[in-house]
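Taking it in order: structure first as structure tokens, then the write-up.
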Amino acid sequence: MSTREYDVTAIEKKWQAYWEANKTFKVNDFEPGKPKFYCLDMFPYPSGAGLHVGHPEGYTATDILCRYKRMRGFNVLHPMGWDAFGLPAEQYAVETGTHPAVTTERNVNRFREQIKALGFSYDWDREVNTTDPGYYRWTQWIFEQLHKKGLAYVAEVPVNWCPALGTVLANEEVIDGRSERGNHPVIRKPMRQWMLRITEYAERLLEDLEGLDWSEGIKEMQRNWIGKSEGAEVDFEIVGAGAQVTVYTTRPDTLFGATYMVLSPEHPLVERITSDAQRAAVSAYRDEASKKSDLDRTELSTEKTGVFTGAYAVNPVTGGQIPVWVADYVLISYGTGAIMAVPAHDTRDFEFAQKFGIPVVCIIEPDAAEAAAAGVCPADVLQGKACWTGNGRLIRSANAQGLDLNGLEVRDSKRATTAWLQARGIGKAAVKYKLRDWLFSRQRYWGEPFPVVHMADGTMRLVDEGDLPVMLPAMEDFKPTGTGEPPLAKAAEWLDYTDPRTGEKGRRETNTMPQWAGSCWYYLRYIDPRNEHAAVDPAKEKYWMPVDLYVGGAEHAVLHLLYARFWHKVLFDLGYVSTKEPFQKLVNQGMILGLSYKDGRGALVPMELVDLRPDGPFHRETGERLVEFAAKMSKSLKNVVNPDDVIREYGADSMRLYEMFMGPLEAVKPWNTQGVEGVARFLKRSFRMVVEQPLTDDPLTPEQQRLLHATIKKVTDDLETMSFNTAISQMMIFINAFSGHAKPLPRAAAEAYVLLLAPFAPHLCEELWESLGHVGTLAYAPWPAYDEACLKVDEVEVLVQVLGKPKARVMMPNGADESVMKELALAQPAVQEALSGKAVRKVICVPNRLINIVAN
RNA sequence: GCCAGAGUGGUGAAAUGGCAGACACAGCGGACUUAAAAUCCGCAGACGGGUCAUUCCGUCGUGGGGGUUCGAGUCCCCCCUCUGGCACCA
């Protein structure tokens, strides 16, 4: 019996050094006979703030799984690297004068150190960094493949220009008219930009979601973002203009109710069809609309605005003339930039028609039940006083040219109208997507340069693959120019290009790629990180792909995951990768919230003003009683928990265990440092049980045997479903039974327990494994197996209910059949009493669990 | 407004349609200690009854209301609240 202390720091340092020195987690490219498991963590951006407690949550989950899989005989690829290009380092650089390369290296070193302190089993020989020329060479190479396939193009487009950041942003990076990073205002401005044709892949990005093992929520978010809709394009003649306008509608069935048409302010035909009388008003309106930023558009979205063009269009089914308006509720970027307006059956058109006195013609009689449920009065709809967008039967919808929709349901009349239009050559079925092409250039310094040269003769060419990478030039002054011209325009020497063969002159592209570029393919580079001849070796790619498990935050639900899937599909089409999807299974860890406090008025109180007394939280200055609640960790609330502090106080194993014990991985959970003490206590007890209790080779008692095997089974099953919290609970139950002062501990139980706990608390368990007399690491020790036979018990307690109320608990033989159960149950005095004077009607038997006697 | 997810003790949570609250935190009581910390043992959904005390008994209880079922936290319908996402997308 030893009286050793559980010296957390010493033990954790010792085993981290051991793993590093022995390259315990180095992965071989191929392991014949072993199944592979590729487990990926989302690429961290190494910010100056260092790790927060949210990072280790996902990392711990994947690490536990990887350690478990190794013990189950898998060849496990578990890498880590850095998404190190990006705005924050550059802004910091502009503010402090420190070069982003310096900041980035410092931050990466800090992150690596913090991550290593948690004892994760990464193969550090595969570390990658997006800012490394050996890496971005291949990012540039992939761009060239996209370009050669016609998927990259330059366009003069109205973009989201953020003056504060001095760059444009993708639609996805703009939230409510403000930048996602930094929350700065964004305005619309036409600029020359690089675009990627992600829209070409819209259908496949949508379809292939089906086969993925992702949460329904994330799939749905991607579906919404892609925004597929099916409808029809319909041509309308413009009276006397010799022109026609094509509109897109999802409701061709409502064509008989179209009482006006709207063009978006940017629509190319507006100029041509506007009457002289209306010209001034229309051009003023268009001017006004063009000045609106996205922010204005969203904020002023309540009131509809618009102006009449003076032109009329012919409704192709009625032959009637309807006015053509210009209004900014129609967007040039979606559909055809023009709509037919059916105020009776579209809420936006209804609002607009009400405001401008345009007739409302009802052509669908609402389904009575549905209308009642929606609180809409059908009579109002029929009179054009209310809008109905639901189901019903068509009325007033027939013409002399053979189209008769009257009496049809919405669905059928959509089909009938489309067919009629198509037969006459004035319309056709059409599919549209909300997804837009991806704005791929940024006017910043700290990003991948485009491998593109603009030649003096006006042509543009890609840099030869052999000349990649195009290095990012070292610059002292990389501040935004403010004009929209990128900082690289100031890199005089770098800028000028002379063709080494022909001597032709050119100028390099000065835009850089967005941060997403590097993270679009890093999972491929991990497979073959030092390859100088290819982004990834095809044989290795085939062996490792797809990623079997990808864990990260839900904040990347659309941006990163959609872009990466797009690039992957392009590489698949070009034959460079073997799977059509990169990430087979995706799990999003829930955010970890900090404990916060608010006073009676609901005002947030920073942590340092909170006095935590035994009877509750109080305001340090006012003495007011405060209310505890969970809120996002933020600097202003001072409720940010730093992993370094937790590790220093309790150790990495406790940190890991607590993060997993808090609750289900995918749930949002509040951090509570007191909870760490609980798991730290559990680890301490584990240490003492193995080290201090006398080990015995005596066989386990049947009860011990049963609990041991039940624990192996529970932990194993829970790991397969990533239910880490309940696996830990089971181990706590185990230790509650096996630990005790000077209580003999069967060696078989001790060994199995240490192996079960090892993926969760690897440092402690390596130490215990050693103290049990083993040499070297347990990282590849076989995972304990359980025996179903040991789980069996001879007798089980069965609940006896009468009319659903518990009356007795009876020990019965395991597997007793219905008649035996019934007999034993009826013999119970309490049951007899409850049944007195009643006739048994029915007996429900659930073997080994309960018996319910129904009587009256 | 639309889409998705979630509402269970003081707290984090657990529960193949079968004894709600396992496991843990905080709390309370006790042991050890000169004392404290650490550790160990015990109590613990609410209300009521009963008892020296424990066992015990009854009623209520998984956001609210209905339903299906012998039996509902779990399945179905309606509503409320919260979180996340989208939002003039025709």
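Every chain is numbered from 1, with letters handed out A, B, ... down the list of sequences.
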Select base, sugar-phosphate, or nothing to describe what A:Ser229 touches, counting heavy atoms under 4.0 Å on all strands. sugar-phosphate

How far does the P atom of B:G66 sit from the matching atom of B:C60, given to the nearest Å? 15 Å

Under 6.0 Å between ring centres, would you say that holds for A:Tyr260 and A:Phe352? yes

Determine the interatomic distance between C1' on B:A53 and the same-named atom on B:G42; round to the nearest Å. 14 Å

Short side-chain N/O contact to B:A22 OP1/OP2 from A:Asn736, under 4.0 Å: no

Does A:Glu216 CD have over 12 foreign heavy atoms under 6.0 Å away? yes

Atom-pair distance (CG on A:Asp328; C1' on B:A90), nearest Å: 14 Å

For A:Tyr433, does the six-membered ring have the charged nitrogen or CZ of A:Lys228 within the cation-pi criterion, i.e. under 6.0 angstrom from the centroid and within 45° of the normal? no

Hey, is B:G67 sitting syn or anti, using the within-90° cutoff around 0? anti

Separation of atom CD in A:Glu220 from atom P in B:A4, rounded to whole Å: 6 Å

Please determine whether a side-chain nitrogen or oxygen atom of A:Arg223 lies at a distance below 4.0 Å from atom OP1 or OP2 of B:C86. no

Please report the distance separating the C1' of B:C2 from the corresponding atom of B:G64, rounded so that it comes out in whole Å. 24 Å

Tell me if the side-chain of A:Lys304 makes a donor-acceptor pair with the base of B:C88, cut-off 3.5 Å, by modelled atom types. yes

Each base of RNA chain B marked ( ) or [ ] if paired in-strand (Watson-Crick or G-U under 3.5 Å), | if paired to another strand and . if unpaired gives (((((((..(((.....[....))).(((((.......))))).(((((......)))))..(((((..]....))))))))))))....

Do the ring planes of A:Phe687 and A:Tyr6 sit parallel (below 30°), tilted (30 to 60°) or perpendicular (above 60°)? parallel

Touch class at under 4.0 angstrom, heavy-atom based, for A:Gly678 against every strand present: sugar-phosphate

To the nearest Å, how far apart are A:Leu683 CG and B:A24 P? 13 Å

Nearest-Å distance once atom P is located in both B:C3 and B:C77: 14 Å

Which comes earlier along RNA chain B counting from the 5' end, the contact point of A:Val679 or that of A:Gly335, where each point is its nearest nucleotide? A:Val679

Atom-to-atom span, NZ of A:Lys228 to P of B:A90 - whole angstrom: 13 Å

For a quick test of reading the model: is some side-chain N or O of A:Tyr248 closer than 4.0 Å to OP1 or OP2 of B:A90? no

Suppose you measure atom C1' in B:G29 against the same atom in B:U83; what distance do you get, rounded to whole Å? 40 Å

Has A:Arg681 got a side-chain N or O lying under 4.0 Å from the OP1 or OP2 atom of B:A26? yes

In whole Å, I'd like the distance from the NZ atom of A:Lys219 to the P atom of B:A4. 14 Å

How long is the line joining CZ of A:Phe734 and P of B:A24, in whole Å? 14 Å

On a whole-Å scale, what distance lies between the C1' atoms belonging to B:A4 and B:C88? 22 Å

Between B:C86, B:C40, B:A22, which one does the side chain of A:Lys434 approach most closely? B:C86

Check every strand shown and say whether A:Arg841 touches a base, only sugar-phosphate, or nothing at a heavy-atom separation below 4.0 Å. nothing

Please give the distance between the P atoms of B:U68 and B:A14 as a whole number of Å. 31 Å

Do the ring planes of A:Tyr753 and A:Phe734 sit parallel (below 30°), tilted (30 to 60°) or perpendicular (above 60°)? parallel

Which residue, A:Asp346 or A:Lys807, contacts RNA chain B at a nucleotide closer to its 5' end, judged by nearest heavy atom? A:Lys807

Roughly, in whole Å, what's the span from NZ in A:Lys684 to P in B:A38? 8 Å

Any side-chain to backbone donor/acceptor pair from A:Tyr563 onto A:Val558? Under 3.5 Å, distance only. no

Quick one, give me the B/S/- string for nucleotides 9-19 of chain B, reading 5' to 3', where B means a protein heavy atom under 4.0 Å from the base and S means that only happens at the primed atoms, P, OP1 or OP2. ---BSS-B-BB

For the NZ atom on A:Lys822, are there more than 12 heavy atoms of other groups (residues, nucleotides or ligands in this structure) within a distance under 6.0 Å? no

Is it the case that A:Glu659 and A:Thr60 place a side-chain donor and acceptor less than 3.5 Å from each other? no

Looking only at atom types and distance, does a side-chain atom of A:Asn588 sit under 3.5 Å from a main-chain N or O of A:Gly552, one as donor and one as acceptor? yes

Measuring from A:Lys428:NZ to A:Thr246:OG1, what's the distance to the nearest 0.5 Å? 7.5 Å

Would A:Asn391 and A:Arg411 count as having a side-chain donor-acceptor pair, cut-off 3.5 Å? no

Using a 6.0 Å distance limit plus a 45 degree cone around the ring axis, check whether A:Arg565 lies over the aromatic ring of A:Trp225. no

Spacing of A:Leu665 atom CG relative to B:G5 atom C1', expressed in whole Å: 15 Å

Say you pick atom C1' in B:G85 and the same atom in B:U74; how far apart are they, in whole Å? 27 Å

Using the side-chain heavy atoms of A:Trp225, tell me which of these nucleotides is nearest: B:A87, B:C3, B:C88. B:A87

